[in-house]
Amino acid sequence: MRLQMGDKVTGFQLAAIDNTTFDLDDLQEKRCMLPFFRCAGYPFCNRQMHQLVSRYGELGSNFN
């Protein structure tokens with residue numbers, strides 16, 4: 001099944017950037033950004049992840 005914009009997703013948990021557990025159900029109607037990358041060994045994905053991590057504080061004010 002492929003998700004479409006606006007679809008509701010439940011029961012999704014994983015490790016967060018701050019060493020807590022991220023639980024999508026806790027966000028309810030809040031905005032969030034959940035990036036997925038193809039491969040940790042791929043240079044482009046590594047660069048994108050590094051940019052997100054380095055801007056976490058800046059993005060954190062807009063996203064939960």
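Source: prediction; values computed, not measured.
- With sequence neighbours left out, the side-chain contact (heavy atoms from CB on, under 4.5 Å) criterion links D26 to D23.
- Residues meeting the side-chain contact (heavy atoms from CB on, under 4.5 Å) test with A16, sequence neighbours left out: D18, T20, F22.
- The minimum heavy-atom distance between D7 and R2, with the atom names listed, is OD2-O, 4.3 Å.
- Taking NE2 of H50 as the start and CZ of R47 as the end, the distance is 10.5 Å to the nearest 0.5 Å.
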